Amino acid sequence: MISRIDLRGTALPEGGDLRDLLPRAEFDVEAALETVRPICEDVRHRGSAAVIEWGEKFDGVRVDSLRVPAAALTAALAELDPAVRAALEESVRRARLVHRAQRRTTHTTQVVPGGTVTEKWVPVGRVGLYVPGGRSVYPSSVVMNVVPAQEAGVEGVAVASPPQKDFGGLPHPTILAACALLGVDEVYAAGGAQAVAMFAYGTADCPPADLVTGPGNIYVAAAKRLLKGRVGIDAEAGPTEIAILADATADPVHIAADLISQAEHDPMAAAVLVTDSEELATATEAELAPQVAASKHVTDRIGPALAGRQSAIVLVDGVEDGLKVVDAYAAEHLEVQTADAAAVADRVRNAGAVFVGPYAPVSLGDYCAGSNHVLPTGGCACHSSGLSVQSFLRGIHVVDYTRDALADVAHHVVALAEAEDLPAHGAAIKARFGWKVPRR
């Protein structure tokens, strides 16, 4: 059901050599570029008509209008299961607590008397938020995208989610209800690369966005790569990942359940256990069988995900080596279930999010921890962060110098300009002092 990789008995290699030994899903965004390029070009030239036609081809339903009517949003919220509404409200409440604390404040530094540099943080003007709607329905992704954008102060928030044949071409009603709950009234029945292109180029129905965020399939990721520069992006999210660093103190029932929880997302989902305990590895393998059998999405998701090359139990000589392995892997989600888990977790350098101890499973973070679940995948956690308020802000430096403050440093500026063979730069300084640079 799940393979083993035994790294015991020899010194672990460094850097890329260690990464090459670890399981990883094949996710060839470059190859998908040629698939999405004509879609994006079509949307660029034909706008809404192209988005509608590509939606009919891929989603099996033709919509009359991309914009979801306000009445459909209101109705979806009114008809939402009260238990689901209560859960979404709590998810929103906790997410707001965490993301509100991420707000940055304007800070002014006095460099010299009369010379200051102020860093102010300004939200993007308009953002397009993508919410998947393929194998599963993700109202939680509405929360995770919308809340940080709102807390950042973004004025224009639009959501796109694929049209659903079963719901008359509208996105899933739970998605619509989550949007209504958050006060988002600009929602589009558009999915895949065509939705990203719609946000990037704009159409008669949808003004262009400054930034596109949110998870999606390989074609969404490819469209983001293709259109990056035309529009800002958060990341090229790939298949979901869980890595668990565990020792003999961990409970194999918990470990198996957590591996399965991520495997049920997608047949390409990665589930990796890193442990120095062969007994735990064996017990986890034994526990997987009955838990998988009792699960819902076995043949189409969980089974292929656990059996795929992207999933494995990795045996190491100790927790110290385990830390090296999980840092090299740089998982989207990393659970630490070891003795003194908090101290071990504190030493982790590369992970999208770290979950500490037996009572902080990834599922908690997916919904109600208050953290964000839009996280870097495919090893990108070694250089990228998850979605946050910062994702929607731009830092602008405001430089304010008096004549005396400029005079004090003018000769340095001229010297550096001349050293770089950019005399006009120096001339712009000299012009302010009658072409004679003061010497201080």
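Note that the structure is predicted; figures quoted are calculated from it, not measured. Every heavy atom of this structure was used, including side-chain atoms; hydrogens, water molecules and symmetry mates were not.
- Within the 3.5 Å criterion, the main-chain N or O of P361 finds no donor-acceptor partner in the side chain of D258.
- Between E285 and R4, at least one side-chain N (NZ, or NE/NH1/NH2) sits under 4.0 Å from a carboxylate O, which counts as a salt bridge.
- Residues V111 and Y401 form a side-chain contact, since some pair of their non-hydrogen atoms from C-beta on lies under 4.5 Å apart.
- S388 places a side-chain N or O within 3.5 Å of a backbone atom of Q390 that can act as its donor or acceptor partner.
- Between R37 and E41 there is no salt bridge, since no side-chain N of the basic residue sits under 4.0 Å from a carboxylate O of the acidic one.
- The closest side-chain heavy-atom distance from P148 to F392 is below 4.5 Å.
- Between R93 and E89 there is no salt bridge, since none of the side-chain N atoms of the basic residue sits less than 4.0 Å from a carboxylate O of the acidic one.
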### Query
For V292 and L306, what are the C-alpha separation, side-chain angles and deciding distance, and is it a side-chain contact (heavy atoms from CB on, under 4.5 Å)?
CA-CA 10 Å; V292 167; L306 292 177; 3.7 Å; yes

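- No side-chain heavy atom of E335 sits under 4.5 Å from any side-chain heavy atom of H254.
- With 3.5 Å as the limit, one finds no donor-acceptor pair spanning the side chains of S391 and D234.
- The pair E236-K224 does not meet the salt-bridge criterion, since no charged nitrogen lies less than 4.0 angstrom from a carboxylate oxygen.
- Between H265 and Y138, the ring planes lie parallel to each other; the angle is under 30°, not in the 30° to 60° tilted range.
- Annotation: side chain of Y188 is not in contact with side chain of S48 (no heavy-atom distance under 4.5 Å).
- Formation of a donor-acceptor pair under 3.5 Å by the R347 side chain with backbone atoms of L323 is not found in this model.
- Judged purely by distance below 3.5 Å, without hydrogens or angles, the side chains of Q110 and T116 never pair a donor atom with an acceptor atom.
- With 3.5 Å as the limit, one finds a donor-acceptor pair spanning the side chains of T240 and E332.
- Within the 4.5 Å cutoff, the side chain of P132 has no heavy atoms near those of the N217 side chain.
- Minimum heavy-atom separation, L66 to D205: CD1-OD2, 4.1 Å.
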### Message
The test is side chain to side chain donor-acceptor pair (under 3.5 Å); show your working for H373 and S141 and say whether it passes.
### Response
CA-CA 8 Å; H373 79 202; S141 286; 3.0 Å; yes

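- Taking 4.0 Å as the cut-off between side-chain N and carboxylate O, E151 and R103 count as a salt-bridged pair.
- Across every non-hydrogen atom of A246 and L280, the tightest pair is CB-CD2, 3.6 Å.
- In this structure, R24 is positioned above the aromatic face of Y329, its NZ or CZ under 6.0 Å from the six-membered ring centre and within 45° of the axis.
- Ion pairing between K165 and E56 fails under the 4.0 Å rule for side-chain N and carboxylate O.
- Counting only distance, with no hydrogens or angles, the side chain of S384 and the backbone of A381 share no donor-acceptor pair below 3.5 Å.
- In this structure, T105 and W121 have side chains that are not in contact, with every pair of non-hydrogen atoms separated by 4.5 Å or more.
- A salt bridge is defined here as a Lys NZ or Arg NE, NH1 or NH2 lying under 4.0 Å from an Asp or Glu carboxylate O, and R301 with E264 fails to meet this definition.
- The shortest side-chain heavy-atom distance between L22 and L7 falls under the 4.5 Å cut-off.
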